[in-house]
Amino acid sequence: MTENIGIPFLEGHYSPTLDLWPIEAKEFNRIHTFYDNLKEGKYTTTKCKGCGHISYPPRVICPECYSDDLEWIELPTRGKVITFVEKSIAIPIGFGEPLIDAWIDLGKDSPVRHVFSRVINCESGGIKEGDEVQLVVFDVPGHPIEWRKEKWIAERVYFAFEPVS
Ligand SMILES: [Zn+2]
């Protein structure tokens with residue numbers, strides 16, 4: 001786990017409209033399994049049991065045959081940087097500098113060959129094309145939820161990749 005990269009100066013009193021992260025609770029998100037798997041360090045997506053189509057990001061309905069009979073499959077947690085963008089100005093609120101986004105090759109045997117992801121735990125100039133990166137799961141601020149007169153904070157995580165040291 002890395003340091004909290006939420007919105008520290010708004011901690012405890014930020015507006016939901018500034019929330020950068022998905023609502024992950026199972027009551028509100030039909031792909032909550034993706035986040036449950038992340039909490040166990042697994043990087044997963046959905047595969048259609050009917051036609052075999054693999055979607056990424058995960059889906060609740062197959063975009064090819066419209067079946068909702070999908071299964072979860074694991075993806076590699078390591079890959080190589082194909083190309084990337086590093087931003088040091090005009091960083092959106094809640095993100096640190098540098099803000100790095102990369103196309104990552106998960107390998108020819110991966111069910112999903114290429115993914116787009118942030119790269120964190122990396123200094124400016126710290127990666128180059130061809131570098132190996134690995135999945136990293138981190139905590140984000142819990143999501144306050146109110147449903148049927150009950151209130152609770154749903155714990156959340158999100159993922160990025162980081163250089164393999
Ligand atoms: Zn299908």
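Worth knowing before you read on, the calculation uses all heavy atoms, side chains too, and leaves out hydrogens, waters and symmetry mates. One-based numbering, in listed order, for ligands and for the atoms of each. Heads up: numbering here begins at 1 and tracks the sequence.
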Revision key, fill the gap. Given a cut-off of 2.8 Å, the protein N, O or S atoms lying below it from the Zn ion (ligand 1) are Cys48 SG, Cys51 SG, Cys62 SG, Cys65 SG
Check your understanding: Which pairs count as side-chain hydrogen bond (donor to acceptor under 3.5 Å, both in side chains) when at least one residue sits in residues 91-103, sequence neighbours excluded?
Key -> none
Practice item. Check Lys80, Arg78, Arg113 against Asp105 for a salt bridge (Lys or Arg N to Asp or Glu O under 4.0 Å) and give me the one that passes. Key: Arg113
Would you be so kind as to tabulate the donor-acceptor pairs closer than 3.5 Å made by side chains of residues 25-32, with sequence neighbours excluded?
residue	atom	partner	partner atom	Å
Asn29	OD1	Ile31	N	2.8
Asn29	ND2	Ile23	O	2.9
His32	ND1	Asp36	OD2	3.0

**Study point:** Check: Thr77 and Phe161 side chains under 4.5 Å, non-hydrogen atoms
**Key:** no
Practice item. Output yes when Glu150 and Arg148 qualify as a salt bridge under the 4.0 Å nitrogen-oxygen rule, no when they do not. Key: no
Listing, residues 50-73 side-chain donor-acceptor contacts under 3.5 Å, not counting sequence neighbours, or none:
residue	atom	partner	partner atom	Å
Tyr56	OH	Tyr43	OH	2.5
Ser67	OG	Asp69	N	2.9

